[in-house]
Amino acid sequence: MDMQATKKKLGLKEKYAHMTRGLDWETTYQSMDKVFPQAAFEGIKIHDWDKWEDPFRLTMDAYWKYQAEKERKLYAVLDAFAQNNGHLGVTDARYINALKLFLTGISPLEYVAHRGFAAAGRNFPGVGPRVACLMQSLDEVRHAQTQIHALSNYNKHYNGFHDFKHMIERVWYLSVPKSFFDDAFSAGPFEWMIAIGFSFEYVLTNLLFVPFMSGAAYNGDMGTVTVGFSAQSDEARHMTLGLECIKFMLEQDPDNLPIVQKWIDKWAWRGTRVLTLVGMMMDYMLPKRVMSWKEAWEIYFEQNGGALFNDLARYGIKVPECLSQAAIDKEHISHQAWATFYQYSGAADFHTWMPTDEEMDWLSAKYPNTFDKYYRPRFTHWREEAEKGNRFYNSTLPMLCQVCQIPMLFTEPDDPTQICYRESEYQGEKYHTCSDGCKHIFDNEPDKYIQAWLPVHQIYQGNCFPEGTDPTAEGFNPLAEVLKWYHVEHGRDNLDFEGSEDQKNFAAWRGMATKNV
Amino acid sequence: MAVKALKHYQFPAADTQDKFHGNQLVYVGWDKHLFFCAPFAFCLPPNTRFGDLCDKVLPQAFSAHPEWSQVDLSKAVWKKSGQPWQPDMNKTLAELGIGHKEALRFETPGLNGIQGSCS
Amino acid sequence: MSTVFIAFQANEESRPIIEAVLADNPHAVLHESPAMVKIDAEGKLVIKRESIEERIGRDFDLQELQINLITISGHLDEDDDEFTLAWKN
Amino acid sequence: MQIDLRTVSIKPVRQTFDHIARRFGDKPASRYQEGTYDLQQTDIFHYRPLWDPEHVLFDQKRTQVVMKDWYALKDPRQYYYGSYTIARARQQDAAESNFDMVEERGLVDTVPSNLKQIALALLVPLRHVEWGGNMNNSYISAYGYGTAITQPCLYHAMDHLGIAQYLTRIGLVLGGPEALDTAKDAWMNDPRWQEMRRLVEDVLVTQDWFELFVAQNLVLEGLYHPMFFDRLDDQFTANGATAISMMTRFMTEWYAESSKWVDAQIKVAAAESAANKEIISGWVQKYRDRAVKALAPLAEVAFGDQAGAVMGDVVADFNSRCAKLGLAI
């Protein structure tokens, strides 16, 4: 028919425009301000939401189609992994501890990201960003669930995976990632986009999902790797959304620049601090290593982030000042964090250990400026003490940073032998932070950070014992009671890897696989 | 700077002294001894004698370090809120003006950690 | 000039895509990691639908890239024929 | 050394996560259970939201409905992300072939012009109502309480977006891009659409998320979906406009499926307490009467002098549905 011949098939851009643009309207029976009550309070000025560019032009039917394809593949791998006892194929059972930190510290955040993007997807007055945010919200629930489903099989065989929902709200080090997301979700929708859409997704998740997951593959964990890479494929869309959002704000009004810059400074630093945990996972918790934390940082943060900041310079965005400290810290933080978890292993939900000689040699080679000078003597001493039956467990509670909530373990930028102390005063009360970056964040919004639920302070206030515990009773052991409140089973979930139930089970099960019995 | 919020936004601080059942927080760090990854947080009555802090509380926290046996805290070089400061062992925290959440640090000249690595 | 990159899961479906990308972008550099293939390129990287179709012998929708994609860097512009990553300066 | 891991028979240390075991016992759990129960944080929050300082981030007090355990509101379809997307991908595949068939065979040209006009006048502006459904369900997904209900609400929100896009395609197939502009103009200005638009906008500013659930998912959908995608669809099929029915097949199937989920939520919430029953019943009455009023002029376009009878049927069905759910209306 003639009609058919003349009717040109719509191109991707055109089709997408019809499918989304124009779905919304200027409300008149209710004011736009009432329909979108969160659009203005942060001070961001938007004049024309139609200027929003949607780089990935996914309609819902295409979304369902491609995502279902990914899910089919992913669950086929997970089923095979479970059926074939894939967990026994990992290089070394120490590796499994990285997964515990992943499930307790990261998967719950994916869930909060889902809720936060649902909120952003409701709150922006433009249809383009709303649809992109909602798809991201959907992806984030995917990530939470696929991670839980992948690690469910590990939970059946190893300790420490068993109560992640309970732990994320309580355990001291999990308050680091939790408070990061609480901070972002309690902010307005535009700041949320900088915090999660830009800093977390664009600048930081590559570091988590790409080199770490490649490391998981290297350590024989195909289940987790598939989940990680499959999640990261959604991140490509998320990063693009984050970048688009930042450009959009900057292009809409010059008054947005200082606000956006302040958020970039804040969230680049918040994110960098949280990544300390990932640095430690890469350098210490992967028995076979693909690259060091420092190398990953250089590739995915310095080069990639550098390209990004070069690009944003045309809007007047400056590289956050705090990143000069991050460039110094990259040589230290993984070691400092591991030293922390090693000594507080009594209060952690995973096992720790001291590196072998061979591993220390690898660390010296990767960190020629710092490892032998500052960290090897300490680690060698601890290992020798452990061999003598004197494994060091620190049982005195540490001082925490009021903002990032990490114990005050970071050193001065110009002196790696000196802990960095920063202090602020607000309404007659003292507050301590671990760095100029965190102090700056506190000083900008003290009314927010004075509310922080700091685990150490909460323990001392008596809020972290099981219900009905009497702290005045004879023989009251506060640390034992805190562990019970955490649902960390002492002697099973915590302490050194050496002698752990995980170690014994893995060895026994592997033995069954390699011997004829 | 004030927080920008949709409605009135003011909440009490989570860690004011009244929430610690008559005690206060004091932080103590041993400089150049990163064996202990971070300064310690202690929860003590404000009438704790500084000498008791040094003799009874700190040893429990620091004694795992091989150099601790050589430490004489009366000769240590102290800082309070980062400023040089000299404690009086016979006075209480309150009398010394050590308020809630005060950060104290001490140096032990001559002791430089495991193999001089400041560990 | 800054570097853009794209990474794919190392599998059978990605192979012809990677071949096409390398053929269309002579300046691109391939890095192979466990389970992952990353392609870096100075300034700009273009993925062409036609080149992929030539290699797989069927129609290809560029949105299918998402199935095996791991990550990207750079500004993205996508239409029916090309998927382009670039830094603007 | 070759290790044959499959031959190893090992006894698991535990069967599922503790928070799942606390609810269902330590036995193998479904992916729906592990991916849903207790996923949302409930107890400790660091900072009050700048956008709602009176509440904590996830707060049970954002609705008047009270539940002892919000996870009583489970999804009978047991959708988690994987099962949800796979189900929808199958449906979209069928929808796609139907659209292809209609477009490639030029089936639109077989549609009688009066029916084509009705489709353009009703189904295309309806995309805006669907968009409202997307916004309301994303609100619930963000501010509701407990993953059991917030998770399917996001799926429901995305379904509404999908339906809005299918309606858009119907507009493009029937009348090209201009059909979308005409429909938008009708939505904004045509008196026959104004009661509906007023209702949708009023629902958009509703704060109580469960009220929103009742207004949007039970009442509004419970009335206009049967009217447009069941009764009107019958009329299309009976009078030679099968091509349109082919393009709305997704909606018909979707409503049959999703209304069962909506029913399960309402039934459990209303059965929880007399107070819940009273609140929910009150909301149903309030929104039903407004929705009926808003649909009346549209029913006239669709059914002419049969409009009253059709509306009467649809409302009677709706009332009996609500009665079965234990509501007093």
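Naming: A, B, ... by sequence-line order, numbering from 1 per chain. Scope of the values below: all heavy atoms of this structure, side chains included, with no hydrogens, waters or symmetry mates.
- Here A:K73 is the residue among A:K73, A:K15, A:M291, A:Q303 with the most heavy-atom pairs under 4.5 Å with chain C.
- Residues C:L65 and A:Y66 are not in side-chain contact: their nearest non-hydrogen atoms beyond the backbone lie 4.5 Å or more apart.
- Within 6.0 Å of NZ on A:K318 lie no more than 12 heavy atoms contributed by other residues, nucleotides or ligands.
- Summarising the geometry, atom CD belonging to A:E53 is positioned 11.5 Å from atom NE2 belonging to C:H75; distances are rounded to the nearest 0.5 Å.
- Minimum interatomic distance between C:Q66 and A:K70 (heavy atoms only, all atoms of both residues): O-CE, 3.2 Å.
- Between the side chain of C:D80 and the backbone N or O of A:G11 there is no donor-acceptor pair closer than 3.5 Å.
- The shortest non-hydrogen separation linking A:F229 to C:A35 is CE1-O, 3.5 Å.
- Ranked by heavy-atom pairs under 4.5 Å with chain A, the list C:D79, C:T71, C:T3 is led by C:T71.
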>> Show, in sequence, the C-alpha distance, side-chain angles and deciding distance for A:S233 and C:I70, and conclude whether the side-chain contact (heavy atoms from CB on, under 4.5 Å) test is met.
In response: CA-CA 4 Å; A:S233 70; C:I70 293 176; 5.9 Å; no
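- Between A:K65 and C:E64, no side-chain nitrogen of the basic residue sits less than 4.0 Å from a carboxylate oxygen of the acidic one, so the salt-bridge criterion is not met.
- To the nearest 0.5 Å, the span separating CG on C:N68 from OG on A:S230 amounts to 9.0 Å.
- Closest heavy-atom contact between A:A307 and C:W87: CB-NE1, 3.4 Å.
- Heavy atoms only, all atoms of each residue included: A:I299 and C:K38 are closest at CG2-NZ, 3.9 Å.
- Enclosure of atom CD in C:E53 by more than 12 non-hydrogen atoms of other residues, nucleotides or ligands within 6.0 angstrom is indicated.
- Counting all heavy atoms, side chain and backbone alike, C:P34 lies closest to A:S214 at O-OG, 3.1 Å.
- With a 4.5 angstrom heavy-atom cutoff, A:Y300 touches chain C only via side-chain atoms.
- Going from atom OG of C:S2 over to atom CG of A:N304 covers 9.5 Å, rounded to the nearest 0.5 Å.
- Heavy-atom pairs under 4.5 Å with chain A were tallied for C:L76, C:L62, C:V4; the largest tally goes to C:L76.
- Taking 4.5 Å as the heavy-atom cut-off, the residues of residues 234-249 of chain A that approach chain C are A:A236, A:R237, A:M239, A:T240, A:L243, A:K247, ordered by number.
- At least one donor-acceptor pair closer than 3.5 Å links the side chain of C:Q63 to the backbone N or O of A:R57.
- Contacts between C:F5 and chain A at a heavy-atom distance below 4.5 Å involve the side chain alone, from C-beta outward.
- Only the side chain of C:D77 has a heavy atom closer than 4.5 Å to any heavy atom of chain A.
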